[in-house]
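Beneath this line is the structure, given in structure tokens, with notes to follow.
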Amino acid sequence: MKRIGILGGTFDPVHYGHIALAEDAVREANLQEVVMIPARIQPFKQDREYASGEDRFNMLALAAGKNDHVTVSKFELEQESVSYTYLTLRHMQEFFGEDTRLFFITGTDSFLKIDTWKNAPELLTKYSYIIGTRPGYRQEEYQEALERITSAYGTEVISMNKTELDISATQIRQMVAEGEDISNLVPPEVNRYIKEHGLYRV
Ligand code: ATP
């Protein structure tokens, strides 16, 4: 059985929090590969505060470039509309084949809301989950969600209490807009790309 991780997000921009999440998942759950999938952003959100799909993809490719276990997929960017996770996972399952177990990787904040996502029963019965704790989340709230979900669906969930990095893309966009240094929050190649393309300078 192959074990593949899927890490979706807006990655606007990708930062060390995302990379640590992917690397911890590879190690903790014995994954062969993590596929990072940037989401298509609503066209109305695409002004200078946000980066285009192409820029977000390029930054991810730079960040993943040095890592043998991490790849980047254009699947959601190439869809005509904003795509649902269940459609992306169906596609990935078909792509990797039935002898592959897919692990959807999220931070605690996203997992808390997962049973409200479209086709939640399908998501929670067909796939496994790897959850990376994120600073600011409430332990009891997470335990409660975990119990509710595992008892309703029998979902396999691997909780990782590992590298906690207090980094968000929102914070990075604000810092760039204010001319602050982000070199300890993103890989050097990503920092250079942001500068060269004048991203997030509102
Ligand atoms: P924004 O600030 O723009 O909302 P973000 O930093 O939360 O962005 P996303 O692209 O929304 O980044 O995140 C993709 C996935 O990575 C989500 O599952 C999120 O929970 C997780 N994640 C993001 N930052 C961290 C972090 N510092 N530690 C652990 N998980 C994280």
Side-chain angles (χ1 to χ4, degrees), residues 5-29 31 34-42 44-53 55-64 67 70 72-77 82-86 88-89 102-117 123-124 127-139 141-142 145-146 149 157-178 180 182 184-187 190-191 194 199-200 202:
I6 304 292
L7 175 51
T10 44
F11 304 111
D12 193 15
V14 59
H15 54 67
Y16 282 137
H18 300 131
I19 295 163
L21 184 59
E23 285 176 348
D24 287 348
V26 166
R27 215 177 28 244
E28 295 272 307
L31 305 180
V34 171
V35 186
M36 297 177 94
I37 310 181
R40 203 183 123 94
I41 295 182
Q42 316 269 15
F44 65 78
K45 265 185 133 188
Q46 295 198 350
D47 55 31
R48 293 188 58 79
E49 260 178 84
Y50 300 91
S52 68
D55 284 331
R56 291 181 293 117
F57 177 87
N58 290 341
M59 291 189 280
L60 272 167
L62 289 170
N67 195 319
V70 182
V72 190
S73 163
K74 275 203 166 132
F75 177 73
E76 291 195 2
L77 293 178
V82 177
S83 54
Y84 290 109
T85 297
Y86 82 93
T88 301
L89 289 176
L102 292 184
F103 292 81
F104 191 66
I105 305 167
T106 75
T108 14
D109 54 323
S110 311
F111 185 72
L112 291 179
K113 289 169 268 170
I114 208 157
D115 49 355
T116 66
W117 290 10
L123 284 173
L124 293 163
Y127 309 102
S128 302
Y129 292 80
I130 301 174
I131 316 303
T133 54
R134 190 169 183 180
Y137 85 105
R138 290 198 295 280
Q139 177 69 22
E141 206 183 341
Y142 175 61
L146 189 61
I149 287 167
V157 181
I158 300 175
S159 306
M160 306 191 296
N161 279 300
K162 301 279 291 180
T163 328
E164 281 207 15
L165 292 175
D166 195 3
I167 307 176
S168 76
T170 305
Q171 164 204 1
I172 292 170
R173 291 193 301 273
Q174 279 165 3
M175 288 174 74
V176 174
E178 282 157 24
E180 288 173 43
I182 55 161
N184 55 343
L185 307 177
V186 302
V190 172
N191 195 8
I194 291 172
L199 302 182
Y200 313 123
V202 265

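Every number for a ligand or one of its atoms is a count from 1 in the order of the listing. What's counted below: heavy atoms across the whole structure, side chains too, no hydrogens, waters or symmetry copies. On a predicted model such as this, the values are computed, not experimentally measured, just so you know.
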Enumerate the atoms of ligand 1 whose separation from the nearest heavy atom of [X] is less than 4.0 angstrom.
X	answer
S168	2 (O), 6 (O)
S110	17 (C), 18 (O), 19 (C), 20 (O)
G17	26 (C), 27 (N)
F11	10 (O)

Looking only at non-hydrogen atoms, find the nearest pair between D12 and Y50 and report the distance.
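So the two residues come closest at OD2-CD2, 3.2 Å.
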
Side chain, backbone, both or neither: which part of T106 has a heavy atom under 4.0 Å from ligand 1?
both

Give yes if a backbone or side-chain nitrogen or oxygen of [X] is under 3.5 Å from a nitrogen or oxygen of ligand 1, and no if not.
X	answer
I167	yes
T108	no
A169	yes
G9	no

Which residues pass the side chain to side chain donor-acceptor pair (under 3.5 Å) test with Q139, not counting sequence neighbours?
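With sequence neighbours excluded, Q139 shows a side chain to side chain donor-acceptor pair (under 3.5 Å) to Y137, given in chain and number order.
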
Closest by any non-hydrogen atom to [atom]: pick that one out of [options].
atom	options	result
atom 20 (O) of ligand 1	L7, D109, T170	D109
atom 24 (N) of ligand 1	M36, Q171, H15, R56	H15
atom 15 (C) of ligand 1	P38, G8, G107, A22	G8

Assess L21 for proximity to ligand 1: is some non-hydrogen atom of it under 4.0 Å away?
yes

Non-hydrogen atom of R173 closer than 4.0 Å to ligand 1
yes

Quick check for you: to the nearest 0.5 Å, what is the distance between [X] atom [atom1] and [Y] atom [atom2]?
X	Y	atom1	atom2	result
M59	H15	CE	NE2	11.0 Å
M36	F11	CE	CZ	4.0 Å
I158	I131	CD1	CD1	9.5 Å

Tell me, do [X] and [Y] make a side-chain contact under 4.5 Å, heavy atoms counted?
X	Y	value
F103	L31	yes
M160	L21	yes
T85	I114	no

Would you list the atom pairs, donor with acceptor, under 3.5 Å between side chains in residues 106-113 and any protein atom, with sequence neighbours excluded?
from: T108; atom 1: OG1; to: R134; atom 2: N; distance (Å): 3.0
from: D109; atom 1: OD2; to: R134; atom 2: NH1; distance (Å): 3.1

